Participant: 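This structure is in structure tokens; I'll ask about it shortly.
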Number of protein chains: 2
Amino acid sequence: MADHGDTGTQTPRERYRAQVQEEIKKHAWEQMAVAGASALSLNAIAKQMGMSGPALYRYFAGRDELITELIRDAYRSLADTFRAASETVGTGEPGLAVLAHALRGWALADPQRYFLVYGTPVPGYHAPDDITVIASENMVMMLDACAELPSDGPVTSFEAHIEGLGSRWADGHAAPPVALRRALAFWTRLHGVLSLELAGHFNGMGFDPALLFAAELDDLLR
Amino acid sequence: MADHGDTGTQTPRERYRAQVQEEIKKHAWEQMAVAGASALSLNAIAKQMGMSGPALYRYFAGRDELITELIRDAYRSLADTFRAASETVGTGEPGLAVLAHALRGWALADPQRYFLVYGTPVPGYHAPDDITVIASENMVMMLDACAELPSDGPVTSFEAHIEGLGSRWADGHAAPPVALRRALAFWTRLHGVLSLELAGHFNGMGFDPALLFAAELDDLLR
DNA sequence: TCGCTTTCGTTAGAAGTTGTAACTCACGAC
DNA sequence: GTCGTGAGTTACAACTTCTAACGAAAGCGA
């Protein structure tokens with residue numbers, strides 16, 4: 001995990017505050033992994049840390065703000081994972097494949113974290129602006145990986161529909177429409193497999209989800 | 001909506017009980033549509049119906065049982081939609097296409113209902129057996145629609161991996177591996193597009209999700 | 001080193017939730 | 001008409017988030 005926020009010029013109070021904030025989030029993640037986001041309890045976290053319930057309100061304005069912070073961290077973690085993966089290129093394997101495997105590993109490592117980013121949204125919840133910024137970072141890496149693949153063949157009607165939208169998705173990224181289409185398919189198809197797998201919908205069906213994921217990835221690279 | 005349960009031989013008390021149970025679920029759906037499943041409150045439902053909170057426990061053992069019942073209804077509603085759609089065949093359009101459009105219409109009609117079936121699961125929750133039975137009904141119709149499409153070309157390694165599993169997914173359904181692969185792709189790819197669309201992840205990206213859905217469906221039928 | 005100020009953690013409490021227990025009362029069966 | 005079953009009530013326990021007011025401790029400047 002990368003450390004965000006300048007730990008250099010900090011007063012002792014700020015340092016302590018950041019530490020406690022991190023510890024709260026650590027317990028929140030543990031609690032969420034076993035019971036899901038909806039079962040997150042500030043009181044339980046406080047009890048685990050040996051504090052009283054209202055003490056947490058010095059660090060987070062409320063349950064919603066804590067969850068928002070966890071969502072932000074999840075996005076950052078995914079972006080870090082993607083960044084680390086895209087730096088291990090040149091092994092002959094296409095960039096899209098290493099991104100796909102990084103995504104799958106990240107999702108399996110903590111399913112609830114994946115669902116926090118891509119799962120059922122809470123009606124009425126609006127993500128802060130900086131989250132969409134990080135999401136667009138991920139889009140940049142996906143588009144880069146798609147742009148390095150051959151883009152021959154005729155342009156379909158949908159590709160014509162999305163032509164030129166790359167600059168909107170990823171801050172001035174000029175990718176050919178075939179790459180945009182491929183990035184969209186990459187996102188939606190792998191999410192389709194991953195979310196159903198993590199939700200347990202493949203249980204008892206008798207096949208290996210990893211092989212389905214690999215088969216979908218193969219189709220993507222064709 | 002089809003009526004489930006024999007309304008023929010019922011005592012007045014049973015009839016009244018069923019009516020109240022339906023009304024509770026009706027209010028639950030309304031409340032869930034605006035605030036999501038996690039915000040479902042028995043007290044609020046009771047207040048809306050002019051009853052006291054504990055009165056609802058005559059009809060449902062608790063919040064979990066009510067949600068389980070809603071999930072069951074959602075599965076049934078999807079199965080009904082699929083059944084109704086697959087009866088409108090013979091118009092030249094492939095069965096998979098009408099199933100896909102039925103799925104999309106059903107999902108857009110009530111996003112929270114879709115998420116109740118395919119969204120983020122609650123850790124530790126296990127679906128009752130009869131739900132998996134209904135789910136397998138849907139699989140039958142999907143496999144039927146896939147089996148009527150041409151299945152030529154070489155068999156991939158993943159298709160070899162899932163060969164013969166049709167009988168397990170849909171109670172003795174003997175479909176060729178290519179059809180099984182197509183059914184899996186149908187499910188995962190359309191879910192990928194739908195869930196991201198309903199979650200609002202395409203907002204502000206400047207394209208029409210319906211066209212992406214149609215493009216994915218086109219790929220499926222190729 | 002002393003004092004001031006900021007901030008942390010506490011307890012008390014309001015308002016909400018799920019869920020149980022015990023008590024009426026009315027409906028329906030006989 | 002009587003009588004049992006079941007519906008709905010209030011009261012209550014235990015939990016939640018979150019606010020308010022207080023005490024104590026820690027850092028910062030002089």
Side-chain angles (χ1 to χ4, degrees), chain A residues 5-32 34-71 116 122-125, chain B residues 5 7-32 34-71 122-125:
Chain A
D6 44 341
T7 54
T9 60
Q10 264 184 339
T11 69
R13 279 217 154 117
E14 286 172 339
R15 179 165 24 246
Y16 176 74
R17 185 179 177 79
Q19 275 179 356
V20 175
Q21 231 158 10
E22 276 309 308
E23 194 179 351
I24 291 173
K25 289 198 279 187
K26 192 190 72 184
H27 284 100
W29 281 117
E30 291 170 1
Q31 192 174 313
M32 207 159 62
V34 307
S38 60
L40 215 160
S41 161
L42 292 189
N43 255 333
I45 293 175
K47 201 173 296 179
Q48 275 189 344
M49 295 177 63
M51 305 201 306
S52 235
L56 296 195
Y57 287 81
R58 296 275 174 203
Y59 300 93
F60 297 96
R63 216 184 81 111
D64 284 6
E65 187 175 300
L66 173 57
I67 290 185
T68 295
E69 203 59 39
L70 294 180
I71 293 176
L116 214 51
V122 176
Y125 174 80
Chain B
T7 55
T9 61
Q10 264 186 340
T11 69
R13 278 219 155 115
E14 285 172 341
R15 181 164 23 245
Y16 176 76
R17 186 180 175 79
Q19 275 179 357
V20 175
Q21 230 159 10
E22 276 310 308
E23 194 179 353
I24 292 173
K25 288 198 280 186
K26 192 190 74 184
H27 284 100
W29 281 117
E30 290 170 1
Q31 191 173 315
M32 206 160 62
V34 308
S38 60
L40 214 161
S41 160
L42 292 191
N43 255 334
I45 293 176
K47 201 173 295 179
Q48 275 189 343
M49 295 177 61
M51 306 200 305
S52 233
L56 295 196
Y57 287 82
R58 295 274 173 199
Y59 300 93
F60 296 97
R63 217 183 80 110
D64 285 6
E65 188 175 298
L66 173 57
I67 290 185
T68 296
E69 203 59 38
L70 295 179
I71 292 176
V122 176
Y125 173 80

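As a basis for the values below, the full set of heavy atoms in this structure was taken, side chains included, without hydrogen atoms, waters or symmetry mates. Quick caveat: nothing in here was measured; it's all calculated off a predicted structure. To find a chain, count down the sequence lines: A is the first, B the second, and so on, and within it residues start at 1.
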Participant: Taking atom CZ of A:Arg63 and atom CG of A:Asn43, what is their separation to the nearest 0.5 Å?
Facilitator: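 Going from CZ on A:Arg63 over to CG on A:Asn43, the span is 12.0 Å.
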Participant: Counting any heavy atom closer than 4.0 Å, what does B:Tyr59 reach on the DNA or RNA strands: base, sugar-phosphate only, or nothing?
Facilitator: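 Since only primed, P, OP1 and OP2 atoms lie under 4.0 Å of B:Tyr59, the category is sugar-phosphate.
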Participant: Identify which nucleotide among D:dT9, D:dA26, D:dC28 has an atom closest to any side-chain atom of B:Pro54, counting heavy atoms from C-beta outward.
Facilitator: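 Selected nucleotide: D:dT9.
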Participant: Please report the distance, rounded to the nearest Å, between CZ in A:Arg15 and P in D:dG27.
Facilitator: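 From A:Arg15 CZ to D:dG27 P: 10 Å.
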Participant: For B:Gly62 and for A:Arg58, find the nucleotide of DNA chain C with the closest heavy atom, then tell me which residue's nucleotide is more 5'.
Facilitator: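 The residue mapped nearer the 5' terminus is A:Arg58.
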Participant: Between B:Glu23 and B:Lys26, does any NZ, NE, NH1 or NH2 come within less than 4.0 Å of an OD or OE carboxylate oxygen?
Facilitator: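 Here B:Lys26 does not pair with B:Glu23 in a salt bridge, since their nearest N and O are not under 4.0 Å apart.
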Participant: How close or far is atom C1' of D:dT17 from atom CD1 of A:Ile67, stated in whole angstroms?
Facilitator: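 Distance check: A:Ile67 CD1 to D:dT17 C1' gives 12 Å.
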Participant: Which parts of residues 38-52 of chain B get close to DNA chain D, meaning a heavy atom less than 4.0 angstrom away?
Facilitator: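 Output list: B:Gly50, B:Met51, B:Ser52.
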Participant: Between which nucleotides of DNA chain C, 5' to 3', does chain A make heavy-atom contacts below 4.0 Å?
Facilitator: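 Contact boundaries, 5' end first: C:dT6 to C:dA12.
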Participant: List, one per line, each side-chain donor-acceptor pair under 3.5 Å for residues 46-53 of chain A, sequence neighbours excluded.
Facilitator:
none

Participant: Let me know the distance between CG of A:Leu56 and P of D:dT16, rounded to the nearest Å.
Facilitator: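 Whole-Å distance recorded here is 12 Å.
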Participant: Touch check for A:Arg63, heavy atoms < 4.0 angstrom, all strands: base, sugar-phosphate only, or nothing?
Facilitator: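 Sugar-phosphate, no base atom in range.
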Participant: Quickly work out the A:Asp64 CG to D:dT16 P distance and round it to whole Å.
Facilitator: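 Value for this atom pair: 17 Å.
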Participant: Under 4.0 Å: is that the gap between some side-chain N or O of B:Arg17 and OP1 or OP2 of D:dA7?
Facilitator: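 Looking at the OP1 and OP2 atoms of D:dA7, one of them is under 4.0 Å from a side-chain N or O of B:Arg17.
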Participant: Rounded to whole angstroms, how far apart are OH on B:Tyr16 and C1' on D:dG6?
Facilitator: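 Nearest whole value for this atom pair: 11 Å.
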